[in-house]
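Encoded as structure tokens, the structure appears first; notes follow it.
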Protein chains: 2
Amino acid sequence: MRNQLTIGKDTECKKSLKAIHDVMYIIGGKWKIAIIACLCYQPMRFSEILKEIEGISGKVLSKELKDLEMNQLVTRTVLDKQPITVEYAITEYGHTLKNVTSVIANWGIKHRQRIMSKVL
Amino acid sequence: MRNQLTIGKDTECKKSLKAIHDVMYIIGGKWKIAIIACLCYQPMRFSEILKEIEGISGKVLSKELKDLEMNQLVTRTVLDKQPITVEYAITEYGHTLKNVTSVIANWGIKHRQRIMSKVL
DNA sequence: CAGAATCCAACGGGATACTG
DNA sequence: CAGTATCCCGTTGGATTCTG
């Protein structure tokens, strides 16, 4: 068996996969990482996030924020009524994802450079 | 305007969001990160990945692998015919995502601990 | 074994209109 | 402004079958 000698590695692999599965359940949505990254910079109102994240619709943003709030990654604060204004902010716990978002963003920047240098 | 003093931050935020968007385009699928994490441990045959990643179907794995291959993150090698066996391996470039997957996995492990300690 | 093909149900998500 | 509700269509993805 090709795996005879790598049982240790395999269990570590399984462990990672389980952990990744957990994470994906929480931030696996198409936009969740972007939203978190966004709010890590500063609290924002609903409409501001909508402007900041290109391509997302109000309906989806609403749903994603609700998910994130449920998992205690962001807070929702009503600032005013008439007209209602709501501010979303990252929680202390949500901020522990800053590492994740920045590692991803950094890879993206390098990836773009790689693509660009290939085109030229 | 509440953003007057944070224009610098905003552009940095936009930059991050753009980078994240790029990354999501490549590894944004439901299973791609898991597949990459998996192959970072060792090359695997199709059926092995299928066993390793709980919940994925053959159809989807096939498609995700094709995407990853297209973006030069994994290689596909036919080992034998009759019966055909194929090995998938991470490329050197794909390996640069190891940071990403491990940061995610680590967060997942901590998250699970947090959840567990809350339950008790 | 690896994967393509087919069928079909379920979900995602856009556009629009409406509400407090 | 920040959503919710409704309609509706396209894609996703599961189950199964088939093939080199």
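Convention: sequence-line order gives letters A, B, ...; per-chain numbering from 1.
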Starting at atom [atom1] of [X], determine the distance to atom [atom2] of [N], rounded to an integer number of angstrom.
X	N	atom1	atom2	result
B:Ile56	D:dG14	CD1	P	8 Å
B:Ile49	C:dA2	CD1	P	9 Å
B:Glu48	C:dC1	CD	C1'	11 Å
B:Glu64	C:dA4	CD	C1'	17 Å
B:Met44	C:dA2	CE	P	13 Å
B:Leu65	D:dG13	CG	C1'	16 Å
A:Leu61	D:dT4	CG	P	11 Å

Check whether any side-chain N or O of [X] sits under 4.0 Å from OP1 or OP2 of [N], and answer yes or no.
X	N	answer
A:Lys81	D:dA2	no
B:Ser47	C:dA2	yes
A:Tyr88	D:dG3	yes
A:Ser57	C:dG14	yes
B:Arg76	C:dG3	yes
B:Ser62	C:dA2	no

Spacing of CE belonging to B:Met44 relative to CG belonging to B:Leu39, to within rounding of 0.5 Å: 6.5 Å
Pick the closest DNA chain D nucleotide for B:Lys30 and for A:Lys59 by heavy atoms, then say which residue is nearer the 5' end. A:Lys59
Under the 6.0 Å and 45° cation-pi test, does A:Lys14 pair with B:Tyr41? no
Taking the side chain as every heavy atom from C-beta outward, state whether B:Arg114 and B:Lys110 have any pair of such atoms under 4.5 Å apart.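 Side-chain contact under 4.5 Å: no.
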Does any part of the side chain of A:Arg76, heavy atoms only, come nearer than 4.5 Å to the side chain of A:Lys66, both counted from C-beta? no
Toward the 5' end of DNA chain C, which comes first, B:Ile84 or A:Val60, by nearest nucleotide? B:Ile84
Contact nearer the 5' end of DNA chain C, comparing A:Pro83 with B:Lys66: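 The residue closer to the strand's 5' end, by nearest nucleotide, is B:Lys66.
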Minimal non-hydrogen separation, A:Leu17 against B:Ala37, with atom names: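 For A:Leu17 versus B:Ala37, the nearest heavy atoms are CD2-CB, 4.4 Å.
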